[in-house]
Amino acid sequence: SFRSMAPPVKLAKKQKGLSPQTITTAVCVAVVALGILFFFTEDARPARPRGPGQPSRGEMNDDPNLAQYEELCKQGEALVELGQFEEGQKAYQQAIELNPVHPLAHFNLARIYEELGNHNKALETYEHVLKLVPGRAEAEKTVHTNIALVLMNANEIERSITHWEQAIKVAGKDPMLRFSLANALVLVGKQEEALDQYKKAVELDKKEAKYEVEYGRQLLKLGQEEEGHAHFNRGLEIGNEQQLFQLGMYLRQKDTDAAERIFEAIIDKFPDHPGMGSVMYFLGMLYRSSDKRSDEAALYKHGVEQGIFPSIHQRPMFRFPAVPPSNPYPDPAALAGPITILEENAVAIAAELQALFENPDSLPVDSEGLSRPADAWHQLSFIRNGVINTTTFATYPITARVLDAVRAEYARDMPRASADLSLLKSGGYIDAHCGPVNFRTRLHLGLSIPTDSGMKVASEARAWAVGKVTVLDDSFEHEVWNNGPGTRAVLIVDVWNPALSEEDKQQIRNQFSWSPSGAARGSVGH
């Protein structure tokens with residue numbers, strides 16, 4: 001094994017509280033799945049609630065508008081999956097005009113308001129759904145849970161607690177709801193009440209690792225070390241690969257010691273885990289953040305010895321075996337096509353995006369926590385995981401047309417493919433890290449390049465040039481800096497590794513369960 005488990009590490013008694021975003025991540029998948037099951041699965045969908053003037057299920061089946069209503073709902077869901085939230089909103093609103101008393105369209109309209117960041121409208125719509133489903137416990141639980149999540153994201157923790165409690169009241173014995181309520185109680189400083197809810201979650205489900213681990217962490221924070229370590233270690237013992245990995249991801253920015261122990265346990269318990277590249281990637285980042293450089297080096301050496309990583313410098317989370325050995329800066333001759341398209345249009349792209357260079361704070365800040373200072377790195381997404389951001393494309397049509405030309409020929413249906421405008425402010429630095437996959441090649445088109453700015457990939461540093469493309473394999477460790485005046489601006493465009501065959505590309509799509517209609521959001525670039 002890489003590292004045999006040492007005696008329990010005494011975790012710090014004072015830990016930062018869990019953020020609303022962290023809690024949302026922990027429970028959102030289960031909640032959304034529950035909502036979809038309740039409202040979409042034909043066999044599971046309950047009879048429509050009766051109310052004044054509201055038809056029964058049988059009566060509604062005779063309603064000539066039923067087929068059109070359900071078709072509009074299907075259209076809305078398909079548009080949401082494509083990220084076209086405004087169009088999805090229109091479809092659901094049309095469905096509501098046909099039948100204002102069925103909860104399906106209202107519920108999914110509330111989900112769209114969440115995606116669009118309109119929390120007040122989402123809450124209002126969810127509250128309306130509650131009026132449409134009185135006495136239907138499963139439906140009420142789902143809606144109260146979603147309301148609680150919206151409130152958590154809006155940092156209205158006290159209000160969210162009321163809805164977690166209401167969900168528990170109608171749901172009965174649901175350990176996930178107890179766990180979520182406990183997390184909310186921690187945020188408002190009610191440690192003892194939280195501990196009671198964590199304990200109930202453990203009692204209701206003795207096979208869920210995260211309940212044991214979090215119960216153990218809270219006991220440790222309250223000074224109950226023996227019992228706390230016992231529950232934490234039991235969580236490591238009972239957890240399977242997926243449970244422990246999700247738990248490590250859940251804790252990695254909140255409790256470094258605990259997350260390290262969890263990832264180490266995965267390496268020891270499940271050496272053949274198919275996602276070992278991801279486990280080692282995140283454990284290495286934790287070691288680095290804790291300045292455990294010798295542990296980090298030993299981990300990467302072990303990864304190379306086990307065939308997880310190609311080299312200590314090249315450490316993708318997902319390694320496709322058909323990709324031949326690469327260089328930090330691949331030969332541009334193999335990518336003459338996309339390079340030519342980008343460079344021939346560089347002046348027009350720079351002119352269209354110029355106003356953004358001068359106001360980088362108008363764009364979203366780095367969400368990966370890699371930049372220093374934290375607000376130094378800003379990005380505008382054109383494509384994520386092969387899916388076009390239609391709003392950005394419509395706003396910047398010149399750049400969009402160029403990206404379409406590259407995408408059609410060199411990045412068609414490519415998982416994890418991104419295209420971003422990346423801005424790094426003067427004095428900014430992006431920590432060394434590796435990209436997630438080895439089957440893509442990354443192109444940087446220089447748009448605005450201050451002096452004394454550059455990047456180092458593996459051990460070689462290079463600078464960009466205005467109007468020229470720099471080719472890199474971002475699965476190698478790389479870091480970026482801008483010590484010059486002004487903002488560094490590059491357009492990042494991902495393309496397929498030119499060594500891959502069409503058969504290879506289809507295998508990759510299959511492994512990622514990727515399709516143009518169902519793709520998830522991809523990773524960011526810089």
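Bear in mind that the values here come from a model prediction, so they are computed numbers and not experimental data.
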* **Leu447, Thr487, Val490 screened by side chain to side chain contact (heavy atoms under 4.5 Å, CB included) with Leu423, the one that passes** =>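 Only one of Leu447, Thr487, Val490 forms a side chain to side chain contact (heavy atoms under 4.5 Å, CB included) with Leu423, namely Thr487.
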* **Residues Lys254, Glu214; criterion salt bridge (Lys or Arg N to Asp or Glu O under 4.0 Å); working and verdict** => CA-CA 12 Å; Lys254 307 300 171 186; Glu214 197 59 23; over 6 Å; no
* Would His231 and Tyr211 count as a side-chain contact (heavy atoms from CB on, under 4.5 Å) if you check the C-alpha gap in whole Å, the side-chain angles of each, and the deciding distance to 0.1 Å? -> CA-CA 9 Å; His231 280 282; Tyr211 302 155; over 6 Å; no
* Residues Ser501, Asp504; criterion side-chain hydrogen bond (donor to acceptor under 3.5 Å, both in side chains); working and verdict -> CA-CA 5 Å; Ser501 67; Asp504 292 332; 3.1 Å; yes
* Contacts of Pro498 that satisfy side-chain contact (heavy atoms from CB on, under 4.5 Å) - sequence neighbours left out -> Ala334, Leu335, Thr441
* Give, for atom CZ of Phe179 and atom CG of Asp205, the distance between the pair rounded to the nearest 0.5 Å. =>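 It comes to 11.5 Å.
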Without swapping roles, check the side chain of [X] against the backbone of [Y] for a donor-acceptor pair under 3.5 Å.
| X | Y | value |
| --- | --- | --- |
| Asp474 | His478 | no |
| Ser475 | Gln314 | no |
| His378 | Pro360 | yes |
| Lys269 | Gly239 | yes |

* Evaluate the criterion side-chain hydrogen bond (donor to acceptor under 3.5 Å, both in side chains) for residue pair Glu296 and Tyr300; output intermediate values, then yes/no. => CA-CA 6 Å; Glu296 183 186 5; Tyr300 298 153; 2.9 Å; yes
* **Ion pair Arg293/Asp291, N-O distance below 4.0 Å** =>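 Salt bridge between Arg293 and Asp291, a charged N being under 4.0 Å from a carboxylate O: yes.
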* **Note: Glu264-Arg261 ion pair, threshold 4.0 Å (strictly below)** =>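 Result for this pair is no, no salt bridge flagged.
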* Is the distance between the ring centroids of Phe270 and Phe245 less than 6.0 Å? -> no
* To do: Run the numbers on Ser326 and Asp473 for side-chain hydrogen bond (donor to acceptor under 3.5 Å, both in side chains), then give the verdict.
  => CA-CA 8 Å; Ser326 180; Asp473 182 340; 2.8 Å; yes
* Pairs meeting criterion salt bridge (Lys or Arg N to Asp or Glu O under 4.0 Å) with involvement of residues 446-463, two or more places apart ->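 Residue pairs with at least one partner in residues 446-463: Lys456-Glu479, Glu460-Arg462.
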* What do you reckon, is NZ of Lys468 surrounded by more than 12 foreign heavy atoms closer than 6.0 Å? -> no
* Mark yes when over 12 heavy atoms from residues, nucleotides or ligands other than Lys425 sit less than 6.0 Å from its NZ; otherwise mark no. =>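 Check passes, neighbour count above 12.
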* Which heavy-atom pair separates Arg488 from Asn482 by the least distance, and what is that distance? -> N-ND2, 3.4 Å
* Give the C-alpha distance, both sets of side-chain angles, the deciding distance and a yes or no for side-chain hydrogen bond (donor to acceptor under 3.5 Å, both in side chains) between Glu477 and His313. => CA-CA 6 Å; Glu477 183 173 274; His313 294 298; 5.3 Å; no
